[in-house]
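Naming convention: chains lettered A, B, ... in sequence-line order (proteins, then strands); numbering from 1 in each chain.
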There are 2 protein chains.
Amino acid sequence: MSGKLRWLWALVPLAGLHAETGADAWLRYAALDAAAARRYVNTLPPVVVVLGNSPVEQTAQRELIRGIRGMLGVTLRVSSTVPAEGAIVLGLDPAVRKAVPGTPAGNPLAEDGYALSLRTAGTARHLSIAGGSERGVLYGTFALLRKIALGEAMEALNEHSAPYAPVRWVNHWDNLDGTIERGYGGRSIFWDKGVVREDLSRVSEYGRLLASLGINGCSINNVNTDPRILTAEYLPQIARIAEAFRPWGVRLVLSVDFGSPQRVGGLATFDPLDAGVAAWWKAKTDELYRAVPDLAGLLLKADSEGRIGPSAYGRTHADAANVIARALKPHGGLFFYRGFVYDHHMDWRNLKNDRARAAYDNFNRLDGQFDDNVVIQIKHGPIDFQVREPASPLFGALEHTNQAIELQVTQEYFGQARQLVFLVPMWKEALDFDMQARGAGTPVKALVAGKVFQRPTGGFVGVSNVGLDANWLGNHMSQANLYGYGRLAWNPDLTSQQIAAEWTRLTFGNDPQVVQTIESLQLKSWRVFEDYTGPLGLQTLTDIVGNHYGVSVEASERNGWGQWHRSDEKGAGMDRTVATGTGYAGQYRPAVAKRYESLATCPDELLLFFHHVPYTHMLHSGKTVIQTLYDLHYDGAVSVEGYVNSWKLLKGRVDERRYAEVLAQLEYHAGQAQVWRDAVNNWFHRASGIADAKGRVGHQPGRIEAEAMTLEGYAETPVTPWEGGSGGKAVACQAAECSAATRFEGKAGWYTVRVQYFDQNNGNARYRVKVGEQVVDEWTASNWVPTQKIDSSSSTRRSVTGIALRPGDVIRVEGTPDGGEKAALDYLEVLPERP
Amino acid sequence: MSGKLRWLWALVPLAGLHAETGADAWLRYAALDAAAARRYVNTLPPVVVVLGNSPVEQTAQRELIRGIRGMLGVTLRVSSTVPAEGAIVLGLDPAVRKAVPGTPAGNPLAEDGYALSLRTAGTARHLSIAGGSERGVLYGTFALLRKIALGEAMEALNEHSAPYAPVRWVNHWDNLDGTIERGYGGRSIFWDKGVVREDLSRVSEYGRLLASLGINGCSINNVNTDPRILTAEYLPQIARIAEAFRPWGVRLVLSVDFGSPQRVGGLATFDPLDAGVAAWWKAKTDELYRAVPDLAGLLLKADSEGRIGPSAYGRTHADAANVIARALKPHGGLFFYRGFVYDHHMDWRNLKNDRARAAYDNFNRLDGQFDDNVVIQIKHGPIDFQVREPASPLFGALEHTNQAIELQVTQEYFGQARQLVFLVPMWKEALDFDMQARGAGTPVKALVAGKVFQRPTGGFVGVSNVGLDANWLGNHMSQANLYGYGRLAWNPDLTSQQIAAEWTRLTFGNDPQVVQTIESLQLKSWRVFEDYTGPLGLQTLTDIVGNHYGVSVEASERNGWGQWHRSDEKGAGMDRTVATGTGYAGQYRPAVAKRYESLATCPDELLLFFHHVPYTHMLHSGKTVIQTLYDLHYDGAVSVEGYVNSWKLLKGRVDERRYAEVLAQLEYHAGQAQVWRDAVNNWFHRASGIADAKGRVGHQPGRIEAEAMTLEGYAETPVTPWEGGSGGKAVACQAAECSAATRFEGKAGWYTVRVQYFDQNNGNARYRVKVGEQVVDEWTASNWVPTQKIDSSSSTRRSVTGIALRPGDVIRVEGTPDGGEKAALDYLEVLPERP
């Protein structure tokens, strides 16, 4: 394009050229096929009238025109009055009733709810989108557009929808420097270098995504909060973000530091019972509301993981929460206090200590002491977003306190956007879990929504952590988690299957094979992930004190962080029974507690969360614990290999960019699943001393350890922890170039040569694979993984397919280190291909 | 990717990420479906042995491995000896016979020819690619890969192929500053700012494309030659280009300036009969061969369009050619002398003058006087690459002189890469035309190949003019012309359909709907282009003295350039008969001359090329000339509209990038076809005074002239020539912003509003279309067309579809000028859409 614009590009309409980057996520408004579009065009009124002047209603009208234009190829006529021929009429419910003749009477709509209906009167056709609030108008508009994208019939449209709970928020753990704690989709869309970004266009686009799901609040800074956020210089900046969100009905939320009165206020104390501190919070809150009049509230993490809190003055969490809540009260703001409070210096030798108890122990006794605009924000399980946890008992305990469930959309413990894990089925289990808080029929979702104990507020908070990456979350498939979170926050009665199907169709189109494949991958992915990362309630056996990514079976043990699974040579699992263990099971209401307390009734999938048993313990399934561990890890790795194969069948059915990106992700994922499989199985094999009944563990067909190859320049190095490397060892290059060679003695035929190597984040080493003198593959190890070390997190697979090997062939891997990356190798696998 | 590499991108294998930019053209080696790939893998020997060490043979082996890897997903084993199990054996024919046991005897292969055969002996399978030269080995390799891409069976492979002629060259009209005369695919791949480019990677890639077609020579500088090309400073630069081409068997050709001995040699003269001049050419040629030992030859345009030539000294073209040819002779070089010699200052009032006569008049009398390494390079028709010309009579006249046919791949007169025109059917008509040079059975192809009069050399030259654009030629579809040229140069007996099918499948894959659609578009496109740009032998009615792009019916008339069609109020066409006209028809051998001479036998499609007739003249078809002109122009425009509709059905079947780019091209093309239709029809309507029997000409349904709209800031301006604008007029904006409004009084319904505006190349004006106060479309006029004027070349269509209009609606176009571009408008068309 240098110099003059090249002619062709100038002609391509922006919409047509738009490659599928993922930026529009589930709001692509892709053109329907001609017949479907024509049917809608002939059904829908061609005119749109918006009855209100609010920014949110104006947004609704613009979005409707945009969506109809994209999907149906026509531009709705904007009219200021409802014409005789009829129109799509958008507005608050009473206004719509007045404007559209003959609207049937009905109950008033809930706040943020909407009603859609199509009515014909003579030649006039009216489609009304009535909102219980301005937001409801917008939500109804997105609902209508979603129906069209999904191909639903319009002719008999008559639908009411109301949100399940008033709180439907997202949190972000963004730091003011632009980094994101546990963010995997690029840098912050809000912050850069200590200030709010100049260009907030991605914030506005994000507001659109959130609004399409009915999400109405968004925190913009880390719960590990930089106190400067409350200084005067930040207020106008924050106001700019609020402005970008406002047309989408998304209200701003700020995380605060409990020490602010002292740290930025200059007071001598931050004691919540000090009158000066209370006055400071009041004045600061008033100042905030002058800058952001529709601020939704504030959020606090206190007395947890090193954050200061009321314990500094011997005050309670209620004291702490109420002082700020009272400052918010006149403005209608909510104060969210995180239930994630625990001691991370617990003595691991004491078998009665239990981090899982912490939320209940901290908050249950304060029930009734919190003001009515305080909400306790409770992680869905008692630990920390592990692959399998029971629902937190605190949900069932609080009767006089508002609560919200905290769900983690960002995949901190779920492969960090490098692996495909659809979290909705897991969330559904928590939300649908009956806490029996008032007898049967009190699922978590009803409790957090305040429906059980008639609380004034409550609901859902998702830790989203999107970033500047075009696809928001670091990969395309992870968008399903944000979509699913939002849909559940609106209506937790939706099934996982419904959500997966909707998302897939909106995101990838309506090709049946595409829909069936992606839906199936998503729906099984959580269980598969569990299978290879620590099933039976072990939780994710990851590097718990480090990057939370790679496998490290013992990282949780023998430290104060309390994520112990207490597996050793005798058995595995943590005894949380009342009878002999930590007593955690007793935090549940009796019916639930009883089920978990007993080995006979505790479900297999949570067995090792509640009980310590010998490896030979027989499960309900009739298999031993140890054989189940082996089998599930093999099953999981096989399933992920299957993802790759299923995805490859979609070539040509999914746009090429997303096809290639997802394929690369899945191929990497399959390699990691194998690393996990081997690490966990080898660890338990060594610990238990019990052989795999199927003979697989410790015997990998076709595997040649790097340390057993003929090495030039490479030197053996231990992998730490040992289970992250095959045989506990790798080889690292100590020269400018190194090589590792092995002689092939198998049958002549076609083979895949898999190179398991270590792609750290501190260099871009080069690799080359030769058969004899022929280079058959070469690549640069430039993946970005969260480690500088030779370990399970950096362990990466390269598959060199379609290689013709003959007995006697020398297979050689040549490595060229770069920076701190030593071109390390773990092993080769030489696997026959089917003819 | 700022800072650290984003993880996902790092994982995408280069091959997978590779968007379809068009850079690989027909050599994409796209993966076959799994079943087809497996079949080939099980049929082909898995080992490759190359018997020769030449760069070209090494290239063949590399290309074979690359192609097999891409299409079949396996890597052939490289072996230095033929193993017992068998191999794909590449080499010169005798070497292959020796290396592969049991090769059946056969005739020796032709220079550059190849033989492919698969033989099984016991468990051994040998596939031999035997070449008649090193090039033949490479050509055979490309042929094998093409067969695989096309899905042809291998089991009984036994095929010989030899090129039809020794000369299979391309020319480029690249200037040393990097511009290209008549180039539409970006700047020169060879030159930039007066020197050879530093980065010649595109030259190497181009060499690959050429080699895949069997093209063996390439000129790299304009025939309107900068004499500096022969100075010492350029030799090492030129040698670098030769080096980039050499592994592909493509030999370098240079265009030279006939005045070089004086201009760069410092001699007092460039008289070809001067001994000093001859010595200078000899010394210069020796110097050239020291730098480029395999230089294929030199090329000269002399005494034409302002180029100097032998006429300066009263010498003949033979004198001029032979002096340089003799310098080349010892090195085996060829000298190409262009037959495109004519007087561009002819008196247009003299009805006996005729530019079409020039080539024959100039060269026929010199037949026998040219040395045997001189080749006369003759454009396929007597004029200059017009849409319809008879084959040049010179082909049939030269009996003792080598000749080559010059075909123009770059679409100078064919929409300049903005319109889709597949030229192979046109070339086929020329190549297959029987000149009856020695009785029947002497088609042009046989004459130029030297087969009729047993000439030592001859063949094909294509003016390719590729550029740095990713897709080489400015759009994807034009690549078919380069492909088709090359395939015809190898084998002119291939049919247009065969070539279109091959190209489409190689370039866009084997989806039957894709193949059928693209093949059909390509095959009809030349006739369609002819229909709307000047049928019946009128030639292209373009701006003949200007950009050769837009329509300008009279541009050819009343000047010395001689592309007259002599249409006036009485009739149309140029009398080239012997009896009453210029006598051009008499330059053909009698049987041909007789057919053209007579109105009764002259084919309709060339009628106005050979005859001047009244508009009411009745054609063989039974329709008058004038009605035929009207009808064909409507037919042509309708056909191009059909291209758009057919293409849209390929959405999702063609990769998104090429889909969008081709769609944009076709939509623009459809608009230009309408401009041509109206301009030509209106001109002939005014000239003839005869109404269109179908009532269309002058009556455009739904059209509202801009000058008839309510204007604010816009002022009426004439369009020159008048037929380029509807009603001869446009409106141009004389203020900072302007508007043109009209009241719609049609029936309520869905409409397409077409805005015909002028997108010049000297600004980026903005346009906005409103219905009432609603903006329904806006865009920037940033297309690049070859004009700064408000004329037919800048006339561009924007279609605003899916607009709901109601009686009384005000439709308003707002324009904001930019630079010299005055946001000019020609008209609106408001057209009902089908319900």
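- With no hydrogens or angles considered, no side-chain donor-acceptor pair links Q513(A) and D511(A) at under 3.5 Å.
- Proximity to chain B (any heavy atom under 4.5 Å) is restricted, for I65(A), to the side chain, taken from C-beta onward.
- For chain B, the nearby part of V771(A) is the side chain; its heavy atoms alone come within less than 4.5 Å.
- For the set L663(B), L76(B), N42(B), the count of heavy-atom pairs under 4.5 angstrom toward chain A peaks at L76(B).
- Between chain A and the residues E85(B), R653(B), E833(B), the most heavy-atom pairs under 4.5 angstrom are made by E85(B).
- With respect to chain A, the highest number of heavy-atom pairs below 4.5 Å among I803(B), D777(B), V41(B) belongs to V41(B).
- Your options are K651(A), R834(A), R806(A), and the one with the most heavy-atom pairs under 4.5 Å with chain B is R806(A).
- With a threshold of 4.5 angstrom between heavy atoms, L468(B) does not approach chain A through any atom at all.
- Residues satisfying the side-chain contact (heavy atoms from CB on, under 4.5 Å) criterion with N761(A), sequence neighbours excluded, are W784(A), Q788(A).
- For the pair R418(A) and Y549(A), the distance from NZ or CZ to the six-membered ring centre is under 6.0 Å and the angle to the ring normal is within 45 degrees.
- For chain B, no part of E773(A) is nearby; none of its heavy atoms comes within less than 4.5 Å.
- Counting only residues at least two apart or in different chains, side chain to side chain donor-acceptor pair (under 3.5 Å) contacts with residues 69-78 of chain A comprise R69(A)-T75(A), R69(A)-T801(B), R77(A)-D809(B).
- Checking side-chain atoms of W647(B) against main-chain N and O of Y659(B) turns up a donor-acceptor pair under 3.5 Å.
- Distance alone, capped at 3.5 Å, is enough to place a donor-acceptor pair between the D818(B) side chain and the N764(B) backbone.
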